S.K.: 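Could you have a look at this structure, given as structure tokens, before my questions?
Treat the numbers as computed from the prediction; the structure is a model and nothing was measured. Each chain gets a letter, A, B and so on, in the order its sequence line appears, and its residues count up from 1.
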2 protein chains.
Amino acid sequence: MTKLQSHGREPFETVDRAPEAQAEGFATVRQAHESEMAEDYVELIAELIETRGEARPVEIAERLGVKPPTVTKNISRLKAAGLVRREPYRAIFLTDSGQELAEACRQRHRIVVAFLCSLGIDEETAERDAEGIEHHVSETTLVAFGQALKQSWKHE
Amino acid sequence: MTKLQSHGREPFETVDRAPEAQAEGFATVRQAHESEMAEDYVELIAELIETRGEARPVEIAERLGVKPPTVTKNISRLKAAGLVRREPYRAIFLTDSGQELAEACRQRHRIVVAFLCSLGIDEETAERDAEGIEHHVSETTLVAFGQALKQSWKHE
DNA sequence: GACAAAAGTTAGACATGGCTAACTTATCTA
DNA sequence: TAGATAAGTTAGCCATGTCTAACTTTTGTC
């Protein structure tokens, strides 16, 4: 009943995975959640520095849709993690490792967005979905997205 | 420097989005996180009932890679949310609305996995990435995945 | 049917990432 | 330059989802 069509090979077969493999998958997701905050922040900080000249808590709060105290707290966590450099009441800067992470995240973000757009998804939706998806895309999948993207350029 | 190629249109342009739109995007991601637990559980419970005849906490814990007390606590939250029906020390059943949610999640999961596989990604990676990605795929994107999938069947 | 093992629960701790209220510091402007 | 406004911080609260340790219930076996 849930099978839509038959094309020689079953299109939506449910794979019976080993419990450990499945558990590892969920563990990977939980780990990704732990780095999401850091990734979102450094990505945004890099963006703000580039487009606005500096990254200010008030702007970060506005862009993330959270309140200023949340930003303060999280920025101090990022500082503890060695990703940002900053003095109280001053603008926020990225350390080298923060910069590196930001660049990787932005690159990944752009690829995911471009890939979704190449499927005909509108830009607004692509951006929105990418925000959530990007943290769960493995290197393997990212490469596959990049290649599919190149294909779509050829055939456009 | 980050631009790889030029194909008439810029491939990786960074869109300057309105702050509110961006904030809404992050809010969507945070919301998705709140329903992830429920979705993972009902999806898994449905799967276990189907393949094992019943869903037991010990098995859920094993598959999710968490400890039994975590399952107990979360199951009682699902019960409060009206998604499962259950008595202490007994197996777990889905309510109608739990069943409905589970079916939607499983369908979405299968589409995401099949779509990733259609890009040439190996099944193990596809399953792993899908676990994280599926919670952040909008209806629009899901439909696009489905259509790309149909295309890939034609050209195989 | 008793008892050991397995399954499940309860209690209590912890980290994360939100929030409000109240305070401090910086900036702008009359 | 003083005072008002905006920006940022601190303190303390809450929900989520994880854990360990200790307890209870169920199941299986002799």
S.K.: Return all side-chain donor-acceptor pairs below 3.5 angstrom for residues 139-148 of chain B, not counting sequence neighbours, or 'none' if the list is empty.
M.R.:
{"unit_1": "B:Thr141", "atom_1": "OG1", "unit_2": "A:Asp129", "atom_2": "OD2", "d": "2.5"}
{"unit_1": "B:Thr141", "atom_1": "OG1", "unit_2": "B:Ser138", "atom_2": "OG", "d": "3.2"}

S.K.: Nearest-Å distance, CD (B:Glu36) to P (D:dG17)?
M.R.: 9 Å
S.K.: Does B:Thr70 make a side-chain N or O approach to OP1 or OP2 of D:dT18 shorter than 4.0 Å?
M.R.: no
S.K.: If you find the nucleotide of DNA chain C closest to B:Pro69 and the one closest to A:Ser35, which residue's nucleotide is nearer the 5' end?
M.R.: B:Pro69
S.K.: So what does A:Pro68 hit on the nucleic acid, given a heavy-atom distance under 4.0 Å: a base, only sugar-phosphate, or nothing?
M.R.: base
S.K.: As a test of reading the structure: which of C:dT24, C:dG8, D:dG17 is closest to the side chain of A:Tyr89, going by heavy atoms?
M.R.: C:dT24
S.K.: When you measure from the side-chain N and O atoms of B:Arg56 to the phosphate of C:dA7, is any distance below 4.0 Å, counting only OP1 and OP2?
M.R.: no
S.K.: For the pair made of NZ in B:Lys67 and P in D:dA22, what is the distance, rounded to whole Å?
M.R.: 16 Å
S.K.: Are any of B:Arg86's side-chain N or O atoms less than 4.0 Å away from OP1 or OP2 of C:dT9?
M.R.: yes
S.K.: Is it the case that the ring center of A:His109 lies less than 6.0 angstrom away from the ring center of A:His135?
M.R.: no
S.K.: I need the single residue from B:Glu39, B:Glu134, B:Glu103 that forms a side chain to side chain donor-acceptor pair (under 3.5 Å) with B:Arg108. Which is it?
M.R.: B:Glu39
S.K.: When rounded to the nearest 0.5 angstrom, what is the spacing between CD in B:Glu47 and CZ in B:Arg63?
M.R.: 6.0 Å
S.K.: Would you indicate, yes or no, if C:dG17 has its OP1 or OP2 atom less than 4.0 angstrom from a side-chain nitrogen or oxygen of B:Arg30?
M.R.: no
